[in-house]
Structure formats: C-alpha cells, structure tokens
Amino acid sequence: MIDPVFLRNLLLVLTAFGGAFLAALWISLVVWTYRDIRARTRDPLVQILATLMTAVLNLPGVLVYLVLRPPRTLEEEYQHTLEEEALLQALEDLPLCPGCERRVKDEWQVCPNCHTKLKKACQSCGKLMELPWNICPFCGTPAPGMRLEGSSVDEALRGLKLDDETGEVRIE
Ligand SMILES: [Zn+2]
Ligand SMILES: [Zn+2]
C-alpha cells in the first residue's frame, strides 16, 4: 500500500508547483498587458487602468482587456496614416478636366467624358504639349499657326543667339 505520509508530501509538492505556475502566469499576464497597452496608447491613465485590471482580475481581466483595447498599435496607426496621406496625395496630384472636372491622366489628349481637348501633339516628334505652348520643349519645333508674343516665330528665333563658350541661349 502507499504510505500516507508520502501521499501528503506529494500533494504538497504538487500544490506548490501549481501555485508557482499560477503566480508566474499571473505575473506574465500583467507584464504582457503592460507591454501591449504601451504599444497601443500613450495615455498613462489608460496604461495604468489596463494593467491594474489584469493585476486584479487576472485571466478574466485579460479577456476584458482584449475586447476593450485599441484595435491598432501606435506603429500600425502611424503606417495607416501614412498610407491614407499617400492615397490622398496621389488623388490630388491627378489633373482635372477643365470641361467636366473629372480626373484625367497626364498622357491623355482628349477627355474621354466630355471630349474637351487637354493636350496637343507636336507636329514633329509627336510628344504631348500643353495647349498654350507655342513651341515643343522636346524638339524645339514651333507649333503651327502660333505666334510668339506678337512677332513671328522666325523673328523671335532671330533674336536668340547661341553663346559659343557657355552653350547658353541669349536674347539680344
Ligand atoms: Zn471632361
Ligand atoms: Zn516636338
């Protein structure tokens, strides 16, 4: 038969182990809650309340904390704000059609919605130019039928002189 003294000792050891385990679990839950709430809010009052709740209520306290805690960590919140700002910026950067105010793309010549002319193609190189431009910035070909501030294109070009030394264009 089993010795009753041995049985009592075994029970004592098991209880001690169980108690130690529960204490360790209790402490780690409090530490976990403290770390988690610090990653989610900078409010010291909320941090103290959340940690206290876990310290007093233990496991049920953690469950309540999991339900009530802020859904995003500060890091996630920051990333989220950055993404939102980038999205808004991208939307603002898109040009609007002057005819119907819808968003149009830079490489479009005509608005597909209201058929307003947005850009014109260069006669020589085919690259897109803004409508008010009189000369193609890519190849230097003057736009047909355009006049440079009252004078003809030839007259305007005659006034420009290439500086041999610096390679700059000067107006004389
Ligand atoms: Zn339009
Ligand atoms: Zn051109």
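One-based numbering, in listed order, for ligands and for the atoms of each.
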Just wondering, are more than 12 heavy atoms of other shown residues or ligands nearer than 6.0 Å to CZ in Arg103? yes
Give a yes or no on whether the backbone of [Y] and the side-chain of [X] come within a donor-acceptor separation of less than 3.5 Å.
X      : Y     : value
Trp26  : Ala55 : yes
Arg102 : Cys97 : no
Glu76  : Thr73 : yes

Identify which protein N/O/S atoms are less than 2.8 Å from the Zn ion (ligand 1). Cys97 SG, Cys100 SG, Cys111 SG, Cys114 SG
With rounding to 10 degrees, what does the angle Cys139:SG / the Zn ion (ligand 2) / Cys125:SG come to? 110°
Is the closest side-chain heavy-atom distance between Leu128 and Cys122 below 4.5 Å? no
Is there a path of hydrophobic side-chain contacts, each under 4.5 Å between heavy atoms, that joins Leu29 and Met53? yes
